[in-house]
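Everything below concerns the one structure shown next.
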Amino acid sequence: MLKSLGLIPLSNLKWFGPRSLAQTTRALCSGSSSAVKQTQFKSDKIAIMGESYDVDSCTNVTPRVTSKIGRRLHNQRNHPINLVRQRIQNYFYANFTNRSGNPLFAVFDNLSPVVTPYQNFDSLLVPFDHPSRSPTDTYYVNSKYMLRSHTSAHDEELMKMGFNTFLVVGDVYRRDEIDSSHYPAFHQMDGVKLFTEQEVFRRVKDAVGLTILEKGKRTDDKQELHTMDAAKLLEYDLKQTLIGLAFKLFGKDVQYRWVNCYFPFTHPSWELEIFYKDSWLEVLGCGILEQRILNNAGADSKVGWAFGLGVDRLAMAQYGIPDIRLLWSEDSRFLDQFDVENPDVPVVYKPISKHLPRINDMSFWITDSFVSSDFYDVVRSVGGDAVEKVTLVDTFTHAKTSRTSHCYSITYQHVERPISQEEVTEIHRRIATTAVIQLGIELR
């Protein structure tokens, strides 16, 4: 799907200043069917990490989501997210050092998740018509600011500051479905490594006449601005680095494979998968950084690679955590299981709640502008972590009126405590009432 959208020419990016970018975002909002707007906030301002932001027609972030900002689980001692982050960071610290013996990779773990659409999308060459820009997929604070949907949003600014080799780890936010593996807030870690021409060919015995840049033809194996020599050496360095990381996390006997894929900001691009517990698990995405990104960052004489991974997914796989909601739990019965001095010590999660789920259905006639992500945000805002899963189980269109009805099955099961049918009934009622008011649906 991504590949069919293609990449926009760099010339299309240059004339967009901050004002016109905000106008572009407002146009996306006005054309969106997203209905979870500023109505959930009691004033015309949103406070996030000590900063105040105006609420406007683009605002679709909810109080439930903003309550997660500032938790910084990746920096919380003896938290599974932090343990995985430490293991990855230790791998890069141990294997990549400068001549003085100091770590080569700088680590940024305290950058604000509030960014501009330019940072999150345009600096990474994400097309203007890409679905990830839509308010149905992304949380917008207003027309000028948003919650980052990936930590790569900081890559350009860090390269402009002169950093050639760095890791960024932090919380990211996306509007998504509700189940055991999806949550509106999760964590990513991405890495970037830039090379000079001398560094690319440092291990080549006779590098006379070899260059990293050219004006050539774009192929499946390289970019139009990269020589084939540079592209293949970068690919080798990238893959060897990430195979080493997979061995660090999952053991040297783990089976792995590379899958060709597409990202707007790298080419060629790959996903690394490992065979884990009888199935293939996607570990990360990576590729050779688009030279246009480096050129925009003032690093036009260099080339580089980048990767990004989901820390939550790795933590759940490493420790056998069955539900992503547990990662946000403050229950000591959960957190104490990860109270270890050495992040490499094996930990197997022991369930803290074994209560049976309670399932209620909700059927309603939808409006022409209805999108499921709006309903999911209503469920999250009202039900919180008492909701385990929401599934669209039936769609019906009336033959005479042409009205469409959706039926959702909502599974209630708290990760920390039992939940009574009386409590479920009250939550279910409040979800229905809120959906009628905010989304304009009609209950059946």
Looking at [X] and [Y], does any basic side-chain N land under 4.0 Å from a carboxylate oxygen?
| X | Y | value |
| --- | --- | --- |
| E423 | R417 | yes |
| R429 | E426 | yes |
| E273 | R257 | yes |
| E442 | R403 | yes |
| R380 | D176 | no |
| K144 | D54 | no |
| R325 | D323 | yes |
| R175 | D377 | yes |

May I ask you to check whether [Y] and [X] place their ring centres under 6.0 Å from each other?
| X | Y | result |
| --- | --- | --- |
| H267 | Y262 | no |
| F307 | F92 | yes |
| F334 | Y349 | yes |
| F338 | Y319 | yes |
| F105 | F166 | no |

Query raised in the report: Is the count of non-hydrogen atoms from other residues, nucleotides or ligands lying under 6.0 Å from E330 atom CD greater than 12?
Result: no
Query raised in the report: If you look only at pairs with a residue in residues 302-313, which of them pass as a salt bridge (Lys or Arg N to Asp or Glu O under 4.0 Å), with sequence neighbours excluded?
Result: E282-R313
**Report entry** salt bridge (Lys or Arg N to Asp or Glu O under 4.0 Å) contacts in which one or both residues fall within residues 107-121, not counting sequence neighbours
**Finding:**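 Sorted result for residues 107-121: R85-D109.
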Query raised in the report: For S143 and D56, what are the C-alpha separation, side-chain angles and deciding distance, and is it a side-chain hydrogen bond (donor to acceptor under 3.5 Å, both in side chains)?
Result: CA-CA 7 Å; S143 59; D56 63 21; 3.0 Å; yes
Report task. Return the set of residues passing side-chain contact (heavy atoms from CB on, under 4.5 Å) with S152 (not counting sequence neighbours), or none when no residue passes. Result -> L124, H150, D155, D190
Requested in this report: Taking atom types as modelled, find out whether Y118 and E156 have a side-chain donor-acceptor pair closer than 3.5 angstrom.
Outcome: yes
Report task. Over 60° means perpendicular and under 30° means parallel, so classify the ring planes of H406 and F370, tilted if in between. Result -> perpendicular
**Report entry** Plane angle bin for W328 and Y183 - parallel if under 30°, tilted between 30 and 60°, otherwise perpendicular
**Finding:**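 Parallel: the ring planes of Y183 and W328 meet at under 30°.
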